[in-house]
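Beneath this line is the structure, given in C-alpha cells, with notes to follow.
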Amino acid sequence: MKRRDFLQGTGITGLVLFFSADQGFAQERDRPDRPNARPGYPSDFNAYLCIAPDGRVTCLVGKVELGQGSMTALAMLLAEELDVALEQVDMVMGDTDLCPWDMGTFGSLSIWQFGPVLRGAGAEARAVLVQMASERLKIPVEQLVVVKGIVSRKGDTSMHVSYGELVAGKKIERHLEKVAPKPVSAFKLVGRDTARKDAREKVTGKAMYAADMKLPGLLHARVLRAPVHGAALESVDTSAAEAMAGVKVVRDKELVALLHARPDGAAEALSKVKAKWKNPVSDLDHNNIFEHLPKTAPKARSLAAMGDLAAGEKAAAQVVEATYTNAYVAHAPIETHAALAAWEGDKVTVWASTQAPFMVKSQVAEALGLATQQVRIITPYVGGGFGGKSGGPQAVTAARLARLAGAPVLVQWDREEEFFHDTFRPAAVIKLRSGATREGKITAWNCNVVGAGDREAVTFYAVPNQRTLSAGSWQGGNPKDMHPFAVGPWRAPSANSNNFAHESHVDSLAAKLGMDPVAFRLLNLEEPRMLRVLTEAAKRFGWVAKPAPSGRGVGVACGHYRGTYVAAMAEVAVDRASGQVQVKRITLVQDMGVVVNPDGARQQAEGSLIMGLGYALTEEIPFKGGDVLAKNFDTYEIPRFSWVPKLDITLIDNPQVPAQGGGEPPIIIVGALLANAIHDATGARLTHLPMNPVSVKAALKAKG
Amino acid sequence: MVRSLSFTLNGKAVKVDADEGRMLLWVLRSDLGLTGTKYGCGQGQCGACTVLVDGQPVRSCSTSLKAVAGRKVTTIEGLERKDGLHPVQQAFMKHHAFQCGYCTSGMILASAALLEGKPKPTREDVAHHLEGHLCRCGSHPRILDAVMDAATGKGGGK
Ligand code: FES
Ligand code: FES
C-alpha cells in the first residue's frame with residue numbers, strides 16, 4: 001500500500017511527516033519470510049505526525065498506553081523538537097484505521113525505540129515550517145525563533161506566524177530518511193519531570209477504558225464457559241434464562257451467550273443456564289506438573305556450548321547441583337479483558353483492551369471470515385497488560401456476538417474468567433550443575449532449561465566451560481500435552497525463571513566456598529556495565545562482606561535483560577513460626593543507557609520490583625483436572641501495601657549507550673534476590689517459586 | 001423487586017427504578033452512566049469499585065441499591081470541588097501515583113475518606129487503610145507519598 005492511499009482514508013490535511021520509528025521496524029520490513037506481516041499497511045513508515053490548520057500537532061503511532069507513560073514521553077519528545085507546548089500535542093495510539101501498523105506494545109520498549117526517530121521527525125517538521133515562515137515573513141531562517149508553535153524574528157515578535165497559519169489550506173507530505181535532532185544539551189523539556197498527559201483524566205475518573213464505552217442499543221454479554229479446560233459441551237438448557245425479561249440468548253456452534261442491556265442482567269441470566277459438559281480426564285495438578293514437564297517437553301535447543309565440562313568440573317573444588325522450579329503465574333491486571341463491538345454495514349469497529357491492536361484486527365478478520373479492511377480496532381486506555389493482553393479473544397467474541405445480535409455488544413470478563421482464560425507464565429524446571437575453584441573461579445556451568453524459554457538462559461558470568469540447553473517456550477510451539485492450558489509472555493518472559501535459577505545457584509556456590517556472594521560475583525563477571533551496577537549497589541546498600549548464611553537476612557542478585565543491567569540488594573526478616581517473609585528494603589541500581597524520562601523510568605522500576613514480590617512470595621496458579629483453582633484475589637494473592645519495602649533506586653545515566661528497555665529488567669532479579677536473602681537469614685535454600693509461608697516453613701524444617 | 005429508590009449522588013438527588021437487590025456498581029456504571037467506578041473482582045477483594053456512602057468508603061460491587069436508599073453517595077466524578085480538584089486528586093497528579101489508572105478512583109476515594117476522619121495519618125496508617133486496595137502496576141509507594149502530601153497540605157491550613 002502507498003502512503004498516499006493510506007492517508008486518503010484518514011482525511012488529514014496540513015503538514016504530514018512520515019517516518020519509521022524504530023530500528024527493528026526497518027529490519028523487519030526486509031524480511032522475505034514475512035511478506036504479509038502487515039496486510040493493507042504501507043511498509044515504509046510506522047509513525048507519522050501532522051500539523052493541522054488549528055495548530056495542533058497530532059502524532060499517530062500503533063503503540064498503546066498501558067500505564068507505562070509512553071503517551072507522555074512520546075509527546076514530550078515531539079514538543080521538544082518542534083518547539084510547541086506539550087499541551088499542543090495529541091497522541092493517537094492503537095487505532096488501526098488511523099495509525100500505521102505496529103506489532104504490539106511489549107516491555108515498554110516504545111519510548112526507547114521510538115525516541116531518536118520521533119525527535120528526528122519533530123526536527124524535520126520544524127525545519128519545513130521555519131522555511132515556510134521565512135518565505136511568508138520574508139525574514140531569513142537564521143533570524144527566526146519558535147516559541148510554542150509561533151515563528152517570529154529573534155527579539156521582535158511584531159512579525160509572526162503560527163504553525164497553524166502556515167499549513168492552512170495546504171497538504172504537504174514529507175518522508176523522513178535521516179535523523180538530525182537537537183543536541184541533548186539544548187533540551188528544555190525532555191529530561192525534566194513532566195506531568196503525565198493522562199494524569200487529569202485518570203484522577204477524575206474520566207479516562208475511558210474499553211468497558212466504559214457507550215453506544216445506543218448496547219447489549220452486555222456473558223458467555224457460557226467450560227468448567228475445566230478441554231471440556232466439551234453435551235447439552236445446554238437456556239429456558240430459565242430466556243424467561244427473564246430483556247434477555248437474548250445467542251448460540252453459534254460452541255458459543256452460547258446471554259445478552260442484556262445491563263451487565264448484571266446478563267450475569268444473572270448466565271447463572272440460570274444449565275449445561276452438561278464432558279470433562280477430559282487429567283490427573284495433572286500444580287504439584288506433579290514438575291515431573292510432567294521434562295517428560296513432555298520438545299527436543300532441546302542448544303544455546304551455548306563452550307570448552308570441556310568434564311575438565312571444568314575436574315578443576316573445581318566444589319560442585320553444586322540443584323533443580324529450580326517455578327509455578328504458573330497469572331497476569332492479573334485489575335482491568336479484566338473487555339471489548340465493545342459495533343457493526344456499520346459490513347464493517348465492524350471494536351474498542352478493545354489489548355496490547356496488540358493490529359494483531360487483534362487480524363484475529364477478528366480471520367475468525368469472522370472478513371477482509372482486514374472490514375475491521376477497525378480502537379484501543380482506549382488499557383488497565384494493565386504485562387503481556388497478558390497480547391491478543392484479543394474477547395474482541396473476537398464481541399464481534400461475533402454483535403453480528404449475531406444485530407446490536408453493539410460489550411464483553412467484559414469477570415475475574416474468574418480472567419484467571420481461567422489467561423495465558424500464564426509457564427511453569428519451569430531448570431537444572432543446574434556447576435563448579436568453582438577454591439579461589440572462586442567458576443570453571444563449569446551446565447544448565448538445562450525446561451519450560452521457561454530462551455531469554456537470559458545463557459549465563460552472563462565468564463565461564464570457560466559451559467553448556468545450555470532449552471526446551472519449550474512461552475512463545476508457543478510446545479507439544480499439545482505439555483501445558484494443561486495456554487502459556488504466554490509475562491513481564492520479562494523467560495528471564496524471571498532463568499535469573500532465579502542462575503542467581504540462586506551462584507549464591508549456593510559462593511556459600512559452599514565460604515565466600516562473600518558479592519565478592520564471588522565480582523570475581524566471575526567481565527562486563528563492565530554489570531560490574532559497575534553491582535559495585536554501585538553494594539556501596540548504596542552498605543554491603544558488608546560476609547559469607548552466607550550470616551543470619552543478617554541480606555541478599556544480592558544481578559541480571560541482564562535486553563541491553564539493560566541491574567543489580568539489587570535486599571534485607572528481609574523471616575518469621576520462623578509463620579513462614580512469613582517481610583522485605584524491609586531493596587536497593588536497585590540500573591544501567592539502561594541514556595535515560596530519557598527519569599521519573600517514568602523510576603516509576604517502571606518501582607512497579608517491576610513490587611510486582612516481582614508477588615511471583616517471588618505468593619503467586620501460583622493452583623489447578624487440578626483442567627480447572628484453574630485461582631478464582632479471585634483470595635485464591636491468588638498479589639502484592640499489597642503492607643508488603644512494600646523501602647526502595648532505593650538509582651538509574652545510572654550512561655550516555656555511551658543508547659536508551660534501552662526499562663520497563664522490565666528489575667523484575668527479573670526479585671526471585672533470586674529474596675531467595676538469597678532468606679538463605680542468608682536462615683540457612684535454608686529455597687529452590688521453588690513462590691516462596692510462600694508453607695514452603696518457607698517446610699524448608700526450615702528440612703534444614704533442622 | 002423493582003422499586004423506585006432515591007439517594008443523593010454527587011450532591012444531586014437521583015431516583016432510579018430498579019431491583020433494589022442490584023449492586024450499586026452496575027447501577028452507577030450502566031443505568032447512571034458514571035464509569036469512573038471500576039469493576040475489578042466483583043467480590044469486595046480489590047477496591048477498584050470503591051465509592052463513598054455518607055463519607056465512608058464502601059465496595060459498590062457488593063453494596064445493594066437498597067443499602068444506599070436515602071443516603072449520600074460520592075463517586076470519583078463528584079470529588080472535584082468548585083475551586084478545583086480535591087487535594088488528594090492533586091497529590092495523585094503531582095506524584096504520578098498511578099500507571100494504568102484502573103485502581104485510581106478507588107484509591108483516591110478511600111484516601112479522601114481517611115483524611116476526612118484523620119487529617120494527620122502516619123504512612124503506616126495510610127498503608128493499613130489501603131491494604132484492601134490492589135494495584136497491579138505497583139504504584140504503592142507513590143500512592144503513599146501522594147496521600148501523605150495531601151495530608152500535609154490539609155494540615156497546612158488550606
Ligand atoms: S470490584 Fe468491588 S472490590 Fe473489586
Ligand atoms: S495503576 Fe494500574 S492497577 Fe493501579
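Throughout, a chain's letter reflects where its sequence line sits, starting with A, and its residues are numbered from 1.
Proximity of a side-chain donor or acceptor of B:Glu77 to a complementary backbone N or O of A:Thr204 within less than 3.5 Å is not detected.
Within the 4.5 angstrom heavy-atom criterion, no atom of A:Glu416 approaches chain B. Of the two parts of B:Asp31, only the side chain, counted from C-beta on, holds a non-hydrogen atom closer than 4.5 Å to a non-hydrogen atom of chain A. Proximity to chain B (any heavy atom under 4.5 Å) is restricted, for A:Leu66, to the backbone atoms N, CA, C and O. Contacts of B:Glu80 with chain A are made by side-chain atoms alone, with heavy-atom separations under 4.5 Å and no backbone atom involved. Only the side chain of A:Lys206 has a heavy atom closer than 4.5 Å to any heavy atom of chain B. Of the atoms belonging to B:Leu79, not a single heavy atom falls under 4.5 Å from chain A. Looking at A:Ala338, there are no atoms closer than 4.5 Å to chain B (heavy atoms on both sides), in backbone or side chain. Proximity to chain A (any heavy atom under 4.5 Å) is shown, for B:Leu25, by neither the backbone nor the side chain. Looking at A:Tyr381, there are no atoms closer than 4.5 Å to chain B (heavy atoms on both sides), in backbone or side chain. Interface residue B:Ser30: only side-chain heavy atoms are found under 4.5 Å from chain A. Contact annotation for A:Leu218: neither backbone nor side-chain heavy atoms come within less than 4.5 Å of a heavy atom of chain B. When heavy atoms are compared at a cutoff of 4.5 Å, A:Pro639 approaches chain B by way of both its backbone and its side chain. Residue contact with chain A, scored on non-hydrogen atoms closer than 4.5 Å, involves the backbone and the side chain of B:Ala127 alike.
The choice from A:Leu613, A:Val644, A:Ile638, A:Thr336 that makes the most heavy-atom pairs within less than 4.5 Å of chain B is A:Ile638. The most heavy-atom pairs under 4.5 Å with chain A, out of B:His133, B:Arg29, B:Lys94, come from B:Arg29. Of the listed residues (A:Ala207, A:Gly265, A:Ala332), the greatest number of heavy-atom pairs within a distance under 4.5 Å of chain B belongs to A:Ala332. Comparing B:Leu134, B:Leu144, B:Val27 by how many heavy-atom pairs each has under 4.5 Å with chain A, the most go to B:Leu134.
Of the inter-residue distances, the one linking A:Glu418 atom CD with B:Cys41 atom SG reads 12.5 Å to the nearest 0.5 angstrom. The CG atom of A:Asp198 sits 10.0 Å away from the SG atom of B:Cys100 when rounded to the nearest 0.5 Å. Here the CG-SG distance, from A:Asn632 to B:Cys46, works out to 8.0 Å after rounding to the nearest 0.5 Å. Between atom NZ of residue A:Lys202 and atom CD1 of residue B:Ile76 there is a gap of 13.5 Å, rounded to the nearest 0.5 Å. To the nearest 0.5 angstrom, A:Phe641 atom CZ is 10.0 Å from B:Arg123 atom CZ. Between the CD atom in B:Gln45 and the CD atom in A:Glu637 there is a gap of 10.5 Å [rounded to 0.5 Å].
Salt bridge B:Arg142/A:Asp599: present, at least one basic N to carboxylate O contact under 4.0 Å. Contact check on A:Glu619 versus B:Arg136 returns a salt bridge, with a Lys/Arg side-chain nitrogen under 4.0 Å from an Asp/Glu carboxylate oxygen. Salt bridge status for A:Glu268 with B:Arg22: absent, with no side-chain N to carboxylate O gap under 4.0 Å.
Atom CZ of A:Arg585 sits in a crowded spot, with more than 12 heavy atoms from other residues, nucleotides or ligands closer than 6.0 Å.
Between A:Phe386 and B:Cys137, some side-chain heavy-atom pair lies under the 4.5 Å cut-off. Looking only at side-chain heavy atoms (C-beta outward), A:Val203 and B:His86 stay at 4.5 Å or farther from each other. Contact of the A:Lys214 side chain with the B:Thr35 side chain is registered, since non-hydrogen atoms from C-beta on lie closer than 4.5 Å. You'll find the side chain of A:Gln412 reaches within 4.5 Å of the side chain of B:Tyr39, heavy atoms only. No side-chain heavy atom of A:Ile610 sits under 4.5 Å from any side-chain heavy atom of B:Ser139.
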- [ ] Quick one: do B:Phe98 and A:Arg196 satisfy side-chain contact (heavy atoms from CB on, under 4.5 Å)? Show the steps, please.
- [x] CA-CA 10 Å; B:Phe98 59 86; A:Arg196 287 174 60 131; 3.4 Å; yes
Open item on the list: Does B:His140 form a side-chain contact (heavy atoms from CB on, under 4.5 Å) with A:Arg640? I'd like the steps, not just the answer.
Closed with: CA-CA 8 Å; B:His140 308 76; A:Arg640 294 174 183 275; 5.6 Å; no
Task: Chi angles and distances behind the side-chain contact (heavy atoms from CB on, under 4.5 Å) call for B:Gln43, A:Arg415 - done: CA-CA 9 Å; B:Gln43 294 181 4; A:Arg415 181 52 59 187; over 6 Å; no
Open item on the list: Test side-chain contact (heavy atoms from CB on, under 4.5 Å) on A:Ile334 and B:Lys38; report intermediate values, then the result.
Closed with: CA-CA 9 Å; A:Ile334 308 299; B:Lys38 303 297 184 204; over 6 Å; no
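The shortest heavy-atom contact between A:Gly205 and B:Ser105 is CA-OG, 4.2 Å. Taking each heavy atom of A:Pro263 and B:Trp26 in turn, the nearest pair found is CG-CE3, 3.3 Å.
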